[in-house]
Q: 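Submitted below is the structure of interest, expressed as structure tokens.
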Amino acid sequence: MLRVLFIILAVVSIALAIVLGQPMLYLLALALLIGAGLLVTMNMRRRHKDVPETFMQAPEQPDEDLASLGILDIKPKGAGEEDGETTPQTASDIEETAEDAGEAEVVETATKAKDRSVSPTAAQAHVAGVSKARQRRPRARIMVSEASSETKADVLIPALRSLRASLDAYTVCLLRQEDVPLRYEVEVMVSQNSYARGGGTYSAKEPMLSGHKALVPVVYPRVGPNGFPKAKLGYYHEPINVRQVAIVPVIPKQYDDLFLLVVDTVNEDGLEAASVRVLLEQYARLATTILDTIDTSASADEESEEPRPRREIIADEMEQARSLSHPLSLALVYLNRGEALSGDGLADVDDLEDLFSDRLRSVALDARVERFGELTYGIFYHGSHESLADWASGIKEAFPEEDDSFEGGVSVGVAPLQDRHEGADQLRSEATAALQESFQSGECVIVG
């Protein structure tokens, strides 16, 4: 019974090794099979001793076929191999070589092994062990794949994914440059790094590219000292050790702003070849055509669509922050004397809100600004909670009470995302309570 238990445990270990990808389980299975073999040998010896000598003689039988032992191939020992030495294999190698051995070999070995009380799974592992191992190339894992609108996501994300795969790049993105103040908005992002910005804007001290013609790729073979400054890679939340960067200016006819198609890689080379420059130019032309087409066809639909519910926007931001393990805070900002400043006309309110939102976007770094109501805006801040107080104070200080355009200043209420927040309504209600307290006290309020 013990040898049967050992065999069953060996089969379970092999199955777990295949599922979990743990090579050590194969060694455990081998030890269990050896133990079962020893028990069988000891049992046979004990029975042999108990049989009288008159029954010890047996008729001669032909040599046992090697195939009946599950041995399908014998290869000579190569030079340099020592006795007892084997080539280690990973779980992925064993799984792949088992497929290469062919179903016919596995079935034949499994059939032979069945007569010898060995499971088909163990037989398959044996075939894999004597087959030639091949290394499987790991597939690239895309961590960020986002766009500023659903239309751009449907069209541009597949295009940038194919460009990334063609160049074996680390990140491919389409940035929109705003000159006053100098900022970059992430229109489309495809990256293998979770610290790549999935959207929003970030400020810059100097432009990423200047004085170059449209659709002409510019390749920087070195990033860092004496090369392309790492500080310009603002589309990452944290500094990333990329080695090369390529940038192509894109100027659609339907936009006044400049777009940049940016590609970076962590490899030492790969972006300097002439064929790569041709490919970058072709993809830049494709992006130009797509942007012109999307803007023309979608402008009428965007005007007729109703604003997206704030609950959905908050839920999306919460889900993205938790999936990437990034911090998130929701700040509500209200213009205190907005009704008095806007006058009686609806056009005056719209003009004031435009000025209000422009000022917020110019000072709310690393953040997404959305309208939450009349003269009230929500800001999704992605910085750390330790820097939240300084950031929120900067928002309030950007609207001094003596400012003629925004007389009376603003009220700011902030709620950082915590584990207790199960839904969008909870986070928004805490931010609303903080905003009300800020309006009454005149201070910037952050709930714990």
Q: At what distance, to the nearest 0.5 angstrom, does NE2 of H421 lie from CG of L328?
A: 10.0 Å

Q: Quick one: pull up CE in M208 and CG in L182 and give me the separation to the nearest 0.5 Å.
A: 10.5 Å

Q: Identify the two heavy atoms, one from I446 and one from A389, that lie closest to each other, and give their separation to 0.1 Å.
A: CD1-CA, 3.7 Å

Q: Under 3.5 Å, side chain of S438 to main-chain N/O of V412, donor-acceptor pair present?
A: yes

Q: Is the backbone of A321 close enough, under 3.5 Å, to the side chain of S325 for a donor and an acceptor to pair up by distance?
A: no

Q: List the atom of P416, the atom of L388, and the distance in Å for their closest heavy-atom pair.
A: CB-CD2, 4.1 Å

Q: Are I290 and L156 close enough that some pair of their side-chain heavy atoms sits under 4.5 Å apart?
A: yes

Q: Of the options F356, Y334, F372, which is the one that meets Y377 in a ring pair (Phe, Tyr, Trp, His ring centres under 6.0 Å)?
A: F356

Q: Is the backbone of L375 close enough, under 3.5 Å, to the side chain of E353 for a donor and an acceptor to pair up by distance?
A: yes

Q: Does any part of the side chain of R311, heavy atoms only, come nearer than 4.5 Å to the side chain of R428, both counted from C-beta?
A: no

Q: Are the side chain of R183 and the backbone N or O of E178 linked by a donor-acceptor pair below 3.5 Å?
A: no

Q: Atom OG1 of T171 and atom CD1 of I142: how far apart are they, to the nearest 0.5 Å?
A: 8.5 Å

Q: Does R420 have more than 12 heavy atoms from other residues, nucleotides or ligands lying within 6.0 Å of its CZ?
A: yes

Q: Does the side chain of V186 reach to within under 4.5 Å of the side chain of L175, using non-hydrogen atoms?
A: yes

Q: Are Y236 and Y195 an aromatic pair, judged by ring center distance below 6.0 Å?
A: no

Q: Out of curiosity, L435 CG to T376 OG1, how far, rounded to the nearest 0.5 Å?
A: 6.5 Å

Q: Evaluate the criterion side-chain contact (heavy atoms from CB on, under 4.5 Å) for residue pair Q426 and E430; output intermediate values, then yes/no.
A: CA-CA 6 Å; Q426 293 182 355; E430 289 191 8; 5.7 Å; no

Q: For the pair H237 and H326, evaluate ring pair (Phe, Tyr, Trp, His ring centres under 6.0 Å) and give the outcome as yes or no after the intermediate values.
A: CA-CA 10 Å; H237 287 288; H326 288 172; 5.4 Å; yes

Q: When you measure from the side chain of R161 to the backbone of V190, do you find a donor-acceptor pair of N or O atoms at a distance under 3.5 Å?
A: no

Q: Quick one: are P327 and L417 in side-chain contact, heavy atoms under 4.5 Å?
A: no

Q: For side-chain contact (heavy atoms from CB on, under 4.5 Å), just list the numbers for N267 and R243, CA-CA rounded to whole Å, side-chain angles, deciding distance to a tenth of an Å, and then say yes or no.
A: CA-CA 6 Å; N267 301 324; R243 304 298 177 85; over 6 Å; no

Q: How about F380 and I314: do any of their side-chain heavy atoms sit closer than 4.5 Å?
A: yes

Q: Is a salt bridge present between D425 and R310, judged by a nitrogen-to-oxygen distance below 4.0 Å?
A: no

Q: Looking at L271 and V263, what are the two nearest heavy atoms and their distance?
A: CD1-O, 4.1 Å

Q: Would you indicate whether the side-chain heavy atoms of P249 and F259 approach each other to under 4.5 Å?
A: no

Q: So, E281 and R277, do they make that salt bridge, N to O below 4.0 Å?
A: no

Q: Nearest 0.5 Å, please: how far is OG in S441 from CD in Q436?
A: 11.5 Å

Q: Of all the heavy-atom pairs spanning M189 and C173, show the shortest one and how long it is.
A: CE-CB, 3.6 Å

Q: Tell me, do L233 and V242 make a side-chain contact under 4.5 Å, heavy atoms counted?
A: yes

Q: Please report the C-alpha distance between V245 and V219 in whole Å, then the side-chain angles of each, then the deciding distance to 0.1 Å, and finally whether the side-chain contact (heavy atoms from CB on, under 4.5 Å) criterion is met.
A: CA-CA 6 Å; V245 176; V219 178; over 6 Å; no

Q: Is it true that atom CD of Q418 has more than 12 heavy atoms of other residues, nucleotides or ligands lying nearer than 6.0 Å?
A: yes

Q: Measure across A434 and V414 and return the closest heavy-atom pair with its distance rounded to 0.1 Å.
A: CB-N, 3.8 Å

Q: Side chains of S387 and S384: do they bring a donor and an acceptor to under 3.5 Å?
A: yes

Q: Tell me whether K253 is salt-bridged to D292, with the criterion being a basic N under 4.0 Å from an acidic carboxylate O.
A: no

Q: Write down the atom of V410, the atom of I395, and the distance for their closest heavy-atom approach.
A: CG2-O, 4.5 Å

Q: More than 12 heavy atoms of other residues, nucleotides or ligands under 6.0 Å from CD of E437: is that the case?
A: no

Q: Verify side-chain contact (heavy atoms from CB on, under 4.5 Å) between Y283 and V172, making sure each step is shown before the conclusion.
A: CA-CA 11 Å; Y283 270 86; V172 179; over 6 Å; no

Q: Could you check whether R222 makes a cation-pi contact with F228, meaning its NZ or CZ is under 6.0 Å from the centre of the six-membered ring and within 45° of the ring axis?
A: no

Q: State whether a side-chain donor-acceptor pair under 3.5 Å links Y235 with D264.
A: yes

Q: Is there a donor-acceptor contact under 3.5 Å from the side chain of K396 to the main chain of E443?
A: no

Q: As an exercise, state the distance from OG1 of T288 to CD1 of I251, rounded to the nearest 0.5 Å.
A: 8.5 Å

Q: Please lay out, stage by stage, how Y170 and Q192 fare under the test side-chain hydrogen bond (donor to acceptor under 3.5 Å, both in side chains).
A: CA-CA 6 Å; Y170 198 53; Q192 298 183 59; over 6 Å; no

Q: Counting only heavy atoms from other residues, nucleotides and ligands, does the tally under 6.0 Å from CD of E312 exceed 12?
A: yes

Q: Cut-off 3.5 Å, side chains only: do T201 and E185 have a donor facing an acceptor?
A: no

Q: Ignoring hydrogens and angles, tell me if any N or O in the side chain of K232 forms a donor-acceptor pair with the backbone of P207 under 3.5 Å.
A: yes

Q: Can you tell if the side chain of Q244 reaches within under 4.5 Å of the side chain of Y220, non-hydrogen atoms only?
A: no

